[in-house]
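Notes follow the structure.
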Amino acid sequence: MSTAYDHKAVETKWQDRWEKQRAAEVDLRHTRGKYYMLMMFPYPSGDRLHVGHGRNYILGDALYRFLRMNGKRALNPMGWDAFGLPAENAAIQRGVHPRDWTLGNIKVMKEQFKRWGILYDWSKEIASCFPEYYRWNQWLFLRMLEKGLAYKKMAPVNWCPSCRTVLANEQVVEGACERCGTPVVQRDLEQWFLRITDYAERLLAGLDQLEGWPEKVKVMQRNWVGRSEGAEIRFEIPALKESLTVFTTRPDTVHGATFMVLAPEHPLTSRLIASHPRRAEIEAWIEKVRNTPRIQRSAEETPKEGRDTGAVALNPATGGEIPIWLANYVLPEYGTGAVMAVPAHDVRDLAFARQERLPVRLVYHLEDHDVDPTTMTEAILHEGVIRNAPPFDGLRDAPETIQRVIGWLEEKGWGQGKVTYRLRDWLISRQRYWGTPIPVLYCETCGMVPVPDGQLPVELPYDVEFTGREGNPLSRSKAFVETVCPKCGGAARRETDTMDTFVDSSWYYLRFLSPRDSARMFDPETANRWMAVDQYIGGIEHAILHLLYARFICKVLHDFGMVDVEEPFQNLFNQGMITRWSDKSGRVEKMSKSRGNTVSPDELIEEMGADTERVYTLFIGPPEKEAEWSDEAVSGAHRFLQRVWRLLERLPEALPTAPADAELERDRHATIQRVTHSLQRFSFNTAVAALMELSNSLSRALEEKTASRLRCEETYDTLLQLLHPMAPHITEELWERRGYTESLLETSWPEYDEAKIRRQRIHLVVQVDGKLRDRVEVDAGADEKEVRAAVLASPRVKEHLAGRELAKAVLVPGRLINLVTRKSA
RNA sequence: GCGAAAGUGGCGGAAUUGGUAUACGCGCUAGACUUAGGAUCUAGUCCCGAGAGAUCGGGUUGGGGGUUCGAGUCCCCCCUUUCGCACCA
C-alpha cells in the first residue's frame with residue numbers, strides 16, 4: 001500500500017468504481033425521502049469545460065452527496081440541450097454534420113464530468129436533438145395549436161439580406177449581421193408564436209408563491225412581464241369617421257392631451273397621410289424608421305423623430321381638436337401602438353412637444369406657485385391639484401382620482417379600465433436546420449394542416465447541405481419539403497421553420513422522470529410523485545427567458561391535466577460566475593474562451609487532482625457571488641488535502657489514554673454542527689473552513705498527545721465523512737484504508753449532541769461601559785449574582801471601575817456581561 | 001432615470017437572533033529540516049502609541065448622523081461599485 005497521496009491513482013480508481021456501481025441510479029417507483037435536484041442541462045458546445053463551468057457542477061455534486069448521506073432519495077439527472085446554432089455554424093465552417101458534431105461534444109463533456117467525480121443518474125440521460133425527445137415538442141405544439149395557444153402571424157424580424165435569414169437580437173451587432181457585417185433590416189415575416197401573454201397574470205401571481213427563489217430573479221421576471229394598470233380611451237377622428245384608441249396609465253390627465261402620437265406602423269397611418277401634400281416624403285421616413293433595428297430604435301439615445309400627419313382628433317374630455325403625429329419612439333407592439341401625449345405631465349411628451357413646438361396644457365397645478373405651460377421645462381409628475389378639468393377640479397394626484405376618471409370615461413362611453421403587459425408572445429420560429437421541425441404542412445387545397453399525431457415525429461433529414469449562405473438548409477431538402485396532405489392526399493409542402501431551443505428546455509425536467517416512454521410525453525403518475533424539482537441550480541443568465549418559458553409550459557401542461565404542479569421549480573439557486581485576470585483586456589473579467597482567461601481543469605486535475613479543484617472552488621467564496629480565480633490560492637486547498645492524507649499515518653502516534661479527550665470530542669461535535677448548518681444553507685466556503693479547523697485540532701491533539709487513540713480515530717472518521725461531499729475521491733480512499741468496506745456515500749451523515757458542544761466552564765467576556773476589559777471563568781449556568789461576584793473580583797475590572805459607580809449590569813448568559821457605570825457622587 | 005444587491009486587513013473572505021470584529025485560506029516575515037526546492041513543519045502578521053518583554057492604552061467594518069447598556073448587523077442622509085430593466089405611454 002503506497003503511502004504518498006497519489007491523486008491520479010486515487011481519483012481514477014474511485015471514478016471507475018462509482019461508474020461500475022452506477023452509484024447515482026434511482027428507482028423512481030419509490031418516493032420515500034424523494035428529492036429532485038437538477039442542474040440546468042448544458043449546451044454541448046465544442047469548447048472544453050473550464051473551471052468556471054466546473055463551479056456549477058461541483059456545487060451540485062457536493063449537494064447531491066450531502067443529501068444522499070442524509071438519507072434522501074436524491075435524483076440528480078443529466079441531459080443535453082443539444083439543438084442550436086453553433087452546431088450549424090460548425091457544419092458550415094468545418095463540414096461536419098451538426099448531429100455528429102453535437103454527439104462528439106456530448107461524449108467529451110461526459111468524460112469531463114467523470115473526471116470531476118460528479119455523479120449523475122446516466123440511466124435517465126436525454127438529448128433534445130433525438131427524435132425520441134423532440135417528437136414531444138411537436139406533440140405539445142399540436143396540442144397548443146388546437147387550443148389556440150400556438151398561432152402564426154406577420155411579425156417584424158431582424159433580417160440579414162446577405163445570409164438571408166432571421167437573426168436573434170443578440171446576433172445583431174451595431175445594426176449589422178454578426179457573421180458577415182451586412183446591415184440588418186427589419187422585415188415582416190410569417191412567424192409562429194406561443195401565446196404566453198394569456199398567462200401573464202398567472203406568471204406574475206405564481207412568483208408570490210416561490211419563496212425558495214432569489215428575490216432578484218423574481219423582480220426581473222416581474223419587470224419583464226411588466227404589468228401596467230390604466231385605461232383605453234377612444235379619440236374620434238372626424239376626417240376618417242373613425243376612432244383611435246390609446247392606452248394610458250394616466251387617464252386622469254386626459255384633459256391635458258394636446259396631441260396624439262402613433263407608431264409609424266400603426267394601421268391607420270396610411271389613411272391619415274393619404275391627402276398630405278408631402279406624402280411621399282413621409283412614407284420614405286416611415287420606411288426608414290421601420291428598417292431601423294428594434295434594439296437601436298428603442299434605445300434612449302436615439303433622437304426622437306416625428307412627422308405631422310396633418311389630421312386631427314378630438315379630445316373627448318375637452319372637445320378640442322388636437323393634431324395627430326407619427327414618431328419613432330412609439331412602439332407598435334406595446335399598448336395600442338398609439339399614445340395620447342400629455343406634455344405637462346410626462347417627461348417624454350414634454351420633450352417632444354418642445355422639440356416640435358406643440359401646445360402644452362396643465363391638468364395638475366402646483367399649490368405653492370403657478371407654472372407657465374408655455375415655458376415649463378419639467379413635467380409635473382406626481383403632485384398638484386386638478387384645475388380647469390371638470391368635473392374633477394380640486395382632486396389630487398392619487399390612485400382614487402385615476403379610478404374616478406376611469407369610471408367617468410366608462411359612463412360617457414369614451415373608454416374603459418385596462419391592464420396592459422410589456423410581455424410579448426413568444427416567437428418560436430427559427431429559419432434554421434438544427435432544431436425541432438414545426439409539425440405543420442401547407443396543402444394547395446386544404447391550406448395549413450397540422451401533422452397528425454400518428455405521423456410524428458417529423459424527423460430532420462440527415463442528408464442536407466450546409467453552405468452558409470442560402471438561408472434555411474431544410475427548405476432545400478426535397479425529401480423533407482415535398483409531402484402529401486393527410487387530409488386530401490394532394491401535394492403539400494412542409495413547414496421548414498424549426499422551434500426555438502427554449503421550447504426543448506421548458507419541459508425537460510418532466511422527461512427525466514420517464515425518459516424512455518415512447519407512448520407519452522411523460523408519465524403523469526411518476527411526474528406527480530416527483531415534481532416539483534426540489535432544487536434547481538443554474539446561472540443567473542437564465543433568470544428571465546428559460547425560467548419564464550419553463551414556468552409557462554408547466555402551467556400549460558397543468559391546464560392540459562398532465563401534471564399537478566403549476567410551478568416546476570420550488571427552490572432556485574444561481575451560482576456566481578468565476579472571473580479571472582485577462583491579459584487581453586487588462587482587467588478582471590468573466591472566465592471565457594474568447595477572453596483567453598480560462599483555467600483548464602485538465603491541467604489542474606493532472607497536477608493537483610479533481611478534489612483540489614473541488615475544494616478550492618467551494619472554498620473560494622459564497623457560491624452565489626462572483627469569485628475571482630487565484631492560481632496561488634489553489635495550492636492552499638491542495639495542502640489541506642495532503643494534511644488530511646498524512647493524518648491517517650499519524651493516528652497511531654496517539655496514546656491509549658489521554659487527558660483532554662473531552663476537548664477534541666467537543667470540537668468534533670461542534671464541527672458536525674457547523675458543517676451541517678453550512679451545507680444546509682449552501683455555505684460551502686464556511687463548511688470547508690470548519691473542516692480545516694477540525695483537521696488542525698486533530699493534528700494538534702496528536703502532536704501534543706492530548707487525546708486518546710480512540711478519540712483521534714473517531715474524529716478522523718468524522719472528518720472524512722464531513723469532507724466527502726467536497727472531496728469525494730480522497731475521502732473514499734482514506735475511508736477504505738481505515739478498514740471500512742462500505743462506500744462513504746452509503747454511510748449516514750454524522751450527528752451531533754448539543755450537550756457535548758456546551759462547555760462546563762466558560763470564559764465570560766467582561767465589558768465596562770461597552771469596552772472589553774477582561775474575561776472571567778465561570779460555570780456555564782452561573783446566574784447574575786455569581787457572575788457579578790466573579791467579575792467584581794477581577795483586578796482589571798476594579799481598576800476600570802475606580803472612581804465610578806455601578807449603574808447597572810447587563811448579562812448575556814453564556815456570553816458576556818456589560819457593567820454600566822456613572823460618575824460616583 | 002427606475003429597480004436590486006453589495007462596500008470588512010496586502011488579497012479571497014468569516015461573524016444564524018444586535019453581544020469578544022477580522023475565523024479559515026492566500027500572500028508576506030522569521031526560523032527549522034535540507035544536495036536543491038515553487039516540498040514540508042513551527043512561529044508571527046488589522047492600524048497607531050508605550051514597553052526589553054509577557055503585556056497595556058487608543059482606534060478601526062465606504063463617509064456622516066441616530067436608536068441602544070452594546071451596532072459590521074437596525075433607522076436616516078450621502079458616496080462608490082456591480083447587476084438587471086430602460087423612449088412601455
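Residue numbers begin at 1 in each chain, while the letters A, B, ... track the order of the sequences. Note: hydrogens, waters and symmetry copies are ignored here, and every other heavy atom, side chains too, is used. What you see is a predicted model, and the numbers here were worked out from it, not measured in a lab.
Comparing B/G10 with B/G65, their C1' atoms sit 32 Å apart, to the nearest whole Å. Between B/U60 and B/A71, the distance separating the two C1' atoms is 14 Å to the nearest Å. B/C75 and B/C24 have their C1' atoms separated by 33 Å, with the value rounded to a whole Å. A distance of about 25 Å separates the C1' atoms of B/A6 and B/G19, rounded to the whole Å. Taking atom C1' in both B/G72 and B/U22, one finds a spacing of 11 Å when rounded to whole Å. Remark: the separation of the P atoms in B/C28 and B/A86 is 46 Å, to the nearest Å. The gap from the C1' atom of B/U61 to that of B/U55 amounts to 26 Å, rounded to the nearest Å. Rounded to a whole angstrom, the distance from the P atom of B/G66 to that of B/U73 is 14 Å.
Closest to the side chain of A/Lys625, out of B/G57, B/G13, B/A89, is B/G13. Nearest to the side-chain atoms of A/Lys771 among the listed nucleotides B/G12, B/G59, B/C87 stands B/G59. Of the candidate nucleotides B/U20, B/G57, B/C41, B/G57 has the atom lying nearest to any side-chain atom of A/His800. In this structure, of B/G12, B/A14, B/G38, it is B/A14 that holds the atom nearest to the side chain of A/Thr686. Listed nucleotides B/C87, B/C26, B/A23 differ in distance to A/Glu693; the shortest reach to its side chain belongs to B/A23. Each of B/U20, B/C24, B/G19 was ranked by its minimum atom distance to the side chain of A/Asn818; first place goes to B/G19. Nearest nucleotide to the side chain of A/Arg646, out of B/A14, B/C41, B/U17: B/C41. Of the candidates B/G19, B/U20, B/G25, B/G25 carries the atom nearest the A/Asn696 side chain, counting heavy atoms from C-beta on. When distances run from any side-chain atom of A/Val219 to the nucleotides B/G13, B/G3, B/U17, the shortest one goes to B/G3. Comparing atom distances between the A/Arg773 side chain and each of B/U20, B/G58, B/C69 picks out B/G58 as nearest.
If A/Glu628 and A/Arg681 are placed on RNA chain B by their nearest nucleotide, the residue sitting closer to the 5' end is A/Glu628. The residue among A/Thr249 and A/Lys216 whose nearest nucleotide of RNA chain B lies closer to the 5′ end is A/Lys216.
Taking 4.0 angstrom as the limit, A/Arg222 places none of its side-chain polar atoms (N or O) nearer than this to OP1 or OP2 of B/A4. Residue A/Arg639 places at least one side-chain N or O closer than 4.0 Å to OP1 or OP2 of B/G27. For the pair A/Ser635 and B/C26, the criterion of a side-chain N or O lying under 4.0 Å from OP1 or OP2 is not met. The side chain of A/Gln767 places no N or O atom within less than 4.0 Å of a non-bridging phosphate oxygen (OP1 or OP2) of B/C69. For the pair A/Arg822 and B/C69, the criterion of a side-chain N or O lying under 4.0 Å from OP1 or OP2 is not met.
Between A/Leu358 atom CG and B/A89 atom P there is a gap of 21 Å when expressed in whole angstrom units. Between the OH atom of A/Tyr421 and the P atom of B/A89 there is a distance of 13 Å, given to the nearest Å. Between A/Leu806 atom CG and B/C69 atom C1' there is a gap of 11 Å when expressed in whole angstrom units. Atom-to-atom, CG of A/Asn685 to P of B/U8 comes out at 16 Å; the value is rounded to the nearest Å. A/Asp631 has its CG atom 17 Å from the P atom of B/G38, to the nearest Å. Whole-Å rounding puts the A/Tyr616 OH to B/G27 C1' distance at 13 Å. For the pair A/Leu423 CG and B/C85 P, the computed distance is 15 Å after rounding to whole Å. Going from atom CH2 of A/Trp645 over to atom C1' of B/C41 covers 20 Å, rounded to whole Å.
Heavy-atom contacts from other residues, nucleotides or ligands closer than 6.0 Å to NZ of A/Lys8 number 12 or fewer. The local environment of CD in A/Glu704 is crowded, with over 12 non-hydrogen atoms from other residues, nucleotides or ligands closer than 6.0 Å. In the displayed structure, A/Glu777 atom CD is contacted under 6.0 Å by more than 12 heavy atoms of other residues, nucleotides or ligands.
Nucleotide B/A23 forms a pair with no other nucleotide shown, judged by Watson-Crick or G-U wobble geometry with both contacts under 3.5 Å. Checking B/A43 for Watson-Crick or G-U wobble geometry (two distances, each under 3.5 Å) identifies B/U29 as its partner. Under the Watson-Crick or G-U wobble criterion, with both distances below 3.5 Å, B/U60 is left unpaired in every strand shown. Using Watson-Crick or G-U wobble geometry with both donor-acceptor distances under 3.5 Å, B/U35 finds no partner in any strand shown. Remark: B/A5 base-pairs with B/U81; criterion is Watson-Crick or G-U wobble with both hydrogen-bond distances under 3.5 Å.
Shown here, B/G9 is classed syn by the O4'-C1'-N9-C4 or O4'-C1'-N1-C2 angle, which is within 90° of 0.
No N or O donor and acceptor, one from the side chain of A/Asn223 and one from the base of B/C85, sit under 3.5 Å apart. Taking 3.5 Å as the limit, the base of B/U16 and the side chain of A/His677 contain a donor-acceptor pair of atoms between them. In terms of polar N and O atoms assigned as donor or acceptor, the side chain of A/Lys304 comes within less than 3.5 Å of the base of B/C87 in a complementary pairing.
Among the protein residues, A/Ile620 comes within range of the sugar-phosphate backbone only, with heavy atoms under 4.0 Å from sugar or phosphate atoms but none that close to a base. If you check every strand for non-hydrogen atoms under 4.0 Å, A/Ala689 touches a base. Contact annotation for A/Val261: no contact, since no heavy-atom pair falls under 4.0 Å across all strands. Within 4.0 Å (heavy atoms only), A/Gly636 reaches sugar-phosphate atoms of the nucleic acid but no base atom. Looking at heavy-atom distances under 4.0 Å, A/Val820 makes contact with sugar-phosphate atoms alone, never a base. Heavy atoms of A/Arg674 sit nowhere under 4.0 angstrom from any nucleic acid atom.
A side-chain N or O of A/Ser683 and one of A/Thr686 form a donor-acceptor pair less than 3.5 Å apart. A donor and an acceptor atom, one from each side chain of A/Trp285 and A/Glu305, are located under 3.5 Å apart. For the residue pair A/Asp252 and A/Thr401, no side-chain donor N or O sits within less than 3.5 Å of a side-chain acceptor on the partner. Side-chain contact, A/Arg668 with A/Thr718: a donor N or O sits under 3.5 Å from an acceptor N or O. Between the side chains of A/Arg700 and A/Thr706, not a single donor N or O lies within less than 3.5 Å of an accepting N or O. A donor-acceptor contact under 3.5 angstrom links the side chains of A/Tyr752 and A/His677, judged on distance only.
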Practice problem: Under the ring-ring contact (aromatic ring centres under 6.0 Å, His included) rule, what do A/Trp325 and A/Phe352 come out as? Steps first, then yes or no, please. | Solution: CA-CA 11 Å; A/Trp325 281 63; A/Phe352 193 72; 5.8 Å; yes

